[in-house]
*Asks:* 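Here it is, the structure in full.
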Amino acid sequence: MSSNTNESDSNAEVKKGEKVSGIKSFFAGGAGGMCCVATGHPLDTIKVRLQTQPKPGPGEQPRYLGTLDCAKKTIAKEGFRGLYKGMLAPLAGVTPMFAVCFFGNDLGKRLQIKDPNVPLTKVQLFLAGGLSGVFTTSIMVPGERIKCLLQIQADSHGPQKYKGPIDCAKQLYKEGGIRSIYKGTAATLLRDVPASGMYFMSYEWVKELLTPAGHSKSELSPARVLFAGGMAGIFNWLVALPQDVLKSRLQTAPEGRYPNGIRSVFTELMATEGPAALYKGATPVLLRAFPANAACFLGYEVTIKLLDMLF
Ligand SMILES: CC(=O)O[C@H](CC(=O)[O-])C[N+](C)(C)C
């Protein structure tokens, strides 16, 4: 399932001077991102609602008891459409973000190749993925800020402040300028640099484990690519989840609530809810991570193949 079916190592697509593969990675990454959003958004909505639900008062029940309860209540109140709330923003933001992400990973690999016949080490694969996390942050932050605000607004009682993603972006800009749109940048970097490193490194690693002796990773069946992609999603989120909780809280908090950004969120969270709160939403995150990223990597590999056939 790769562009270079007769190459056997992870560097096959990134030999120095192969400019086309960078462009192909960009477009194939975008296609992968669309597959990821379409497959994973319902569970993402549940994740954000669980992560941001208000702390119950003494003797009160939490609004949602868990993933299933949140899914049931959302469907009962808003129909299935409720699970797809705020999907336009990530589709518009995630497609270019994944394009840049896969391109950045490719670039990170190319920059480290000294000999095209020597495969990159796991650490080098991690660093290449980490570079992609730096690249994607500027695209990721506004999309995530708008998505989280829309996801929790639908969950709140009373009048809805934002009519949709564009209205939300306009209002944020009016209220706090570009700073407000980019609220959560440090938290996103803290999340995505290590998580992206893990994501791309573990994808190559699991593919390697699934490749029978004497065969090439590029010959893997779609089922194995799906499995490797799904596992990459799981590893990504095992690393990303604590920072993601802090980011979601920061990005959905009223202006001025956390004067020192992610540090203030962390201090408050530790004092009021303890370390376990850093793993809030773990069930929907991990339930989403596998299928969404399996679809993403398969979408990526299939698009690369199509592009190879076309060009
Ligand atoms: C946080 C995030 O977007 O993670 C991506 C996987 C997913 O489940 O959406 C991976 N990556 C950060 C590398 C784009």
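Counting starts at 1 for both ligands and their atoms, in listed order.
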*Asks:* Are Glu273 and Arg249 within salt-bridge range, i.e. N to O under 4.0 Å?
*Replies:*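 Salt bridge present between Glu273 and Arg249.
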
*Asks:* Using a strict 4.0 Å threshold on nitrogen-to-oxygen distance, state whether Arg224 and Glu301 make a salt bridge.
*Replies:*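 Salt bridge between Arg224 and Glu301, a charged N being under 4.0 Å from a carboxylate O: no.
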
*Asks:* What do you reckon, does Asn293 have a nitrogen or oxygen under 3.5 Å from a nitrogen or oxygen of ligand 1?
*Replies:*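 Right, the criterion is met.
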
*Asks:* Can you confirm whether the side chains of Asn105 and Tyr199 place a donor and an acceptor under 3.5 Å from each other?
*Replies:*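 Note: Asn105 and Tyr199 side chains miss the donor-acceptor criterion.
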
*Asks:* Could you identify the single nearest non-hydrogen protein atom to atom 3 (O) of ligand 1 and state the distance to 0.1 Å?
*Replies:*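 For atom 3 (O) of ligand 1, the nearest protein heavy atom is Met140 CE, 3.1 Å.
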
*Asks:* Relative to the heavy atoms of Arg191, which atoms of ligand 1 are at a distance of less than 4.0 Å?
*Replies:*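 So the atoms of ligand 1 that pass are 1 (C).
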
*Asks:* Is it the case that ligand 1 has an N or O less than 3.5 angstrom from some N or O of Asn236?
*Replies:*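 N/O-N/O distance under 3.5 Å: yes.
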
*Asks:* What protein heavy atom is closest to atom 9 (O) of ligand 1, reported as residue, atom name and distance in Å?
*Replies:*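 Among all protein heavy atoms, the one nearest atom 9 (O) of ligand 1 is Arg288 NH2, 2.9 Å.
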
*Asks:* Any donor-acceptor pair under 3.5 Å linking the side chain of Lys109 with the backbone of Gly104?
*Replies:*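 No; zero donor-acceptor contacts below 3.5 Å.
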
*Asks:* State the CD1-CD distance between Ile181 and Glu175, to the nearest 0.5 angstrom.
*Replies:*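 Separation between the atoms: 10.0 Å.
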
*Asks:* If Ile, Leu, Val, Met, Phe, Trp and Tyr residues are connected whenever their side-chain heavy atoms lie under 4.5 Å apart, and connections chain through other members, are Phe126 and Leu209 in the same group?
*Replies:*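 Same hydrophobic cluster.
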
*Asks:* State plainly whether the residues Asp167 and Lys170 are in salt-bridge range, i.e. N to O under 4.0 Å.
*Replies:*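 Looking at Lys170 together with Asp167, the answer is no, because their closest N to O distance does not fall below 4.0 Å.
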
*Asks:* At a 4.0 Å threshold, what atoms of ligand 1 neighbour a non-hydrogen atom of Asp192?
*Replies:*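 Counting atoms of ligand 1 from 1, those under 4.0 Å from Asp192 are 1 (C).
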
*Asks:* Tell me which protein heavy atom sits closest to atom 13 (C) of ligand 1, plus the residue, atom name and distance to 0.1 Å.
*Replies:*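 Result for atom 13 (C) of ligand 1: Tyr199 CD2, 3.3 Å.
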
*Asks:* Considering Tyr203, Phe98, Trp237, which one's heavy-atom position lies nearest to atom 14 (C) of ligand 1?
*Replies:*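 When every heavy atom of Tyr203, Phe98, Trp237 is considered, Phe98 comes closest to atom 14 (C) of ligand 1.
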
*Asks:* Identify, for atom 12 (C) of ligand 1, the protein heavy atom at the shortest distance, and state residue, atom and that distance.
*Replies:*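 The protein heavy atom lying closest is Ser196 OG, 3.5 Å.
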
